[in-house]
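What follows is a set of notes on a single structure, which appears directly below.
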Amino acid sequence: MPNALKIDHSLVLVGLMGAGKSTVGRRLAHRLNLPFVDSDDEIVKAADCSISDIFEIYGEDEFRALEKRVIERLLAEGPMVLATGGGAFINTQTRKRILAASTAIWLNASLDVLVERTSRRGGRPLLADKNPKNILKKLIDERYPVYANAHIMIDTNEDSMDHTVDKIMNALNTEITEKQS
Ligand code: S3P
């Protein structure tokens with residue numbers, strides 16, 4: 001049974017804004033009986049300030065430094081499903097820590113899907129007051145080769161969030177079976 005999977009390390013979801021990391025992560029955690037944590041939420045708590053305000057008041061570099069520290073702390077905290085902000089895995093040090101301490105799962109989605117999904121929620125400073133399609137296209141070109149370093153890649157395009165969770169469960173089962181053989 002897929003939900004009898006025993007996970008003894010964290011699962012870290014990476015991918016662009018709108019890929020579904022938080023929604024899928026919450027459902028995956030529920031199925032695996034693991035805690036779910038969103039690194040952006042932890043950053044907001046640590047800074048006592050919204051992501052948009054952190055970008056505006058302190059700048060993106062400060063946000064990235066905070067993001068790195070928060071993710072390091074969470075990785076040390078033990079098995080959980082961790083949804084990360086789209087830029088987290090792009091930072092070389094953060095990526096190395098994620099790859100060493102967890103199973104990294106890239107939720108891959110097409111430009112059109114990302115444009116549609118990001119239009120549903122604001123609060124993303126990289127897209128605010130800009131043409132989201134152009135920005136996301138540029139980020140796909142820059143970041144997809146880096147996300148490709150994740151241990152597992154899941155295509156999410158036409159899938160419901162629950163189907164994406166099923167695919168992750170299957171991929172984890174395969175990974176565990178391969179390790180045991
Ligand atoms: C960012 C993605 C956001 C958030 C911040 C920067 C990025 O998270 O961390 O706005 O660089 O792609 P989501 O991917 O959860 O939207």
Side-chain angles (χ1 to χ4, degrees), residues 10-29 35-75 80-99 102 104-150 152-157 159 161 164-165 168:
S10 288
L11 305 176
V12 176
L13 299 178
V14 306
L16 267 186
M17 296 172 272
K21 293 164 293 189
S22 301
T23 309
V24 167
R26 203 167 280 114
R27 292 180 193 196
L28 180 65
F36 170 74
V37 180
D38 184 305
S39 68
D40 279 349
D41 291 346
E42 293 298 307
I43 293 168
V44 168
K45 271 192 228 159
D48 195 19
C49 189
S50 73
I51 302 285
S52 299
D53 285 349
I54 299 172
F55 267 73
E56 193 178 322
I57 300 166
Y58 304 103
E60 182 169 349
D61 287 353
E62 201 50 47
F63 173 79
R64 297 296 170 202
L66 188 54
E67 181 173 56
K68 179 170 155 293
R69 288 200 298 277
V70 164
I71 290 175
E72 267 171 12
R73 168 173 62 77
L74 294 170
L75 288 173
M80 64 175 67
V81 176
L82 174 62
T84 59
F89 198 67
I90 306 307
N91 177 290
T92 307
Q93 286 166 299
T94 307
R95 184 169 64 255
K96 278 192 184 151
R97 288 286 298 123
I98 292 173
L99 288 172
S102 75
I105 302 166
W106 170 26
L107 299 189
N108 184 3
S110 70
L111 178 60
D112 287 344
V113 167
L114 297 172
V115 171
E116 201 278 314
R117 292 205 194 128
T118 52
S119 70
R120 298 185 204 158
R121 160 168 96 70
R124 291 183 166 111
L126 295 185
L127 301 181
D129 307 323
K130 300 178 191 94
N131 178 326
K133 192 166 189 172
N134 290 347
I135 303 289
L136 286 164
K137 166 86 184 69
K138 187 167 163 279
L139 290 175
I140 283 177
D141 292 345
E142 287 169 7
R143 293 181 176 179
Y144 276 21
V146 184
Y147 294 144
N149 289 292
I152 293 173
M153 190 274 276
I154 302 288
D155 270 320
T156 70
N157 283 325
D159 297 335
M161 296 292 176
T164 299
V165 175
I168 297 175

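Every number for a ligand or one of its atoms is a count from 1 in the order of the listing. Residue numbers start at 1 and run along the sequence shown. Computed from a predicted model, the values in this text were never measured in an experiment.
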Quick one: sort the F55 and F63 rings into parallel, tilted or perpendicular, breaks at 30° and 60°. tilted
Is any NZ, NE, NH1 or NH2 atom of the basic residue among D38 and R26 found under 4.0 Å from an Asp or Glu carboxylate oxygen of the other? no
Atom 2 (C) of ligand 1: the protein heavy-atom neighbour that sits closest, reported with distance to 0.1 Å: G86 N, 3.3 Å
Contact region, L126 to ligand 1, non-hydrogen atoms below 4.0 Å, reads side chain
Of the listed options (E60, R143, K21, R124), which comes nearest to atom 12 (O) of ligand 1 when hydrogens are ignored and any heavy atom counts? R143
More than 12 foreign heavy atoms under 6.0 Å from OH of Y58: is that the case here? no
Could you tell me whether a side-chain N or O of K68 sits under 3.5 Å from a main-chain N or O of N91, the two making a donor and an acceptor? no
Number the atoms of ligand 1 from 1 as they appear, then name those within less than 4.0 Å of a heavy atom of P125, with their elements. 10 (O)
Which of the ligand 1 atoms, numbered from 1, are nearer than 4.0 Å to a heavy atom of D40: 3 (C), 4 (C), 8 (O), 9 (O), 13 (P), 15 (O)
Do Y144 and W106 have their ring centres less than 6.0 Å from each other? yes
Would you call K45 and E42 a salt bridge, taking side-chain N to carboxylate O under 4.0 Å as the test? yes
Using a strict cut-off of 4.0 Å, indicate which atoms of ligand 1 neighbour a heavy atom of R64. 6 (C), 7 (C), 11 (O)
Ligand 1 atoms nearer than 4.0 angstrom to some heavy atom of I51 are 5 (C), 10 (O)
